[in-house]
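In what follows, a structure is listed as structure tokens, so that the remarks can point back to it.
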Amino acid sequence: MKWRIAALVMLSFLLGGLVAMAVLPGGRDRLFSGLPTAGKALVGGPFSLVDHTGRKVTDKDFRGRYMLVYFGFTYCPDVCPSGLQVIAAALQKLGPKADRITPIFITVDPERDTPAQLAEYVKSFDSRLIGLTGTPQEVDAAAKAYRVYYKKVQDEKSTAGYTFDHTSIIYLMDPSGTYVAHFSHTTSVDTLAERLAKVL
Ligand code: NI
């Protein structure tokens, strides 16, 4: 399974880059500089979900704040924990500057990832991390808005007999909800912290 995860991760990161370059005027510069430029990306958009405290939230609740958006699921064995650890460590490294950022984890597995399950999970990474779930339709709409691919696959070794293939992209969105840059769970903590510091 390892090669499959690695291949999916590489593919998803490349696809994310291609999408960003295709839809952004000057997207190539933005990808590598991490600095905001003019132009509107087609990544991101409205979502309506439930947070890990059970509260209904939409994308508008995060206006005025930078968002780091990552899709995954709590039963993910390695990729999601790596991604969330990178986010948590980078925020830690940024210090008070990180107060302008809300890290968000959106599940692609709403069947198992209830608000209660997410609450337990997110607090193990960072107290600022917000877990979001919803109906399968709401989750699907959010994933589509962020151009996130996910697919349920059978796996006898996993709890409930299934797991998910999914893209592993960390999206940085600005206070107006517009795409700024993207990273992956393989981005180093130093790189992510530096790029965020430049944007903030
Ligand atoms: Ni995962």
Side-chain angles (χ1 to χ4, degrees), residues 1-20 43-44 47 49-52 57 67-92 101-173 179 181-189 191-192 196:
M1 289 301 280
K2 276 261 187 278
W3 66 268
R4 195 171 160 193
I5 291 168
L8 187 69
V9 162
M10 278 195 44
L11 183 69
S12 66
F13 195 64
L14 286 172
L15 279 176
L18 286 174
V19 167
V43 174
F47 59 75
L49 297 161
V50 175
D51 75 10
H52 64 267
V57 295
M67 300 187 290
L68 276 176
V69 182
Y70 186 73
F71 285 76
F73 64 114
T74 67
Y75 286 84
C76 181
D78 41 24
V79 175
C80 291
S82 306
L84 294 173
Q85 271 158 18
V86 169
I87 291 172
L91 294 182
Q92 192 72 39
I101 306 176
T102 301
I104 298 172
F105 178 68
I106 303 179
T107 185
V108 296
D109 183 13
E111 203 177 316
R112 285 183 291 191
D113 288 341
T114 59
Q117 168 75 15
L118 282 172
E120 275 303 307
Y121 189 69
V122 294
K123 78 178 183 196
S124 67
F125 293 97
D126 192 294
S127 58
R128 291 166 285 196
L129 183 61
I130 291 180
L132 298 181
T133 184
T135 65
Q137 292 77 15
E138 288 168 336
V139 163
D140 197 54
K144 282 205 172 75
Y146 279 84
R147 302 291 188 269
V148 164
Y149 164 86
Y150 67 102
K151 190 176 190 296
K152 194 177 190 174
V153 288
Q154 297 308 310
D155 180 7
E156 312 85 63
K157 283 172 290 177
S158 178
T159 313
Y162 67 89
T163 181
F164 278 89
D165 281 347
H166 68 94
T167 49
S168 177
I169 301 178
I170 300 165
Y171 289 107
L172 173 63
M173 312 299 285
Y179 169 91
H182 72 279
F183 310 92
S184 93
H185 71 281
T186 58
T187 301
S188 77
V189 173
T191 301
L192 181 55
L196 292 175

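Atoms within each ligand, like the ligands themselves, are counted from 1 in listed order. Throughout, numbering of the chain's residues begins at 1 and tracks the sequence.
Side-chain contact between Tyr150 and Phe71 is absent, with no heavy-atom pair separated by less than 4.5 Å.
Tyr75 meets the ring-ring contact (aromatic ring centres under 6.0 Å, His included) test with no other residue; sequence neighbours excluded. Residues satisfying the side-chain contact (heavy atoms from CB on, under 4.5 Å) test with Glu111, not counting sequence neighbours, are Asp109, Lys152, Tyr162. When the ring-ring contact (aromatic ring centres under 6.0 Å, His included) test is applied to Tyr70, no partner is found at least two apart in sequence or on another chain.
Protein N/O/S atoms found under 2.8 Å from the Ni ion (ligand 1): Cys76 SG, Cys80 SG, His166 NE2.
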Practice problem: May I have the step-by-step check of side chain to side chain contact (heavy atoms under 4.5 Å, CB included) for Met173 and Tyr179, ending in yes or no? | Solution: CA-CA 4 Å; Met173 312 299 285; Tyr179 169 91; 4.2 Å; yes
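The minimum heavy-atom distance between Arg147 and Tyr171, with the atom names listed, is O-OH, 4.2 Å.
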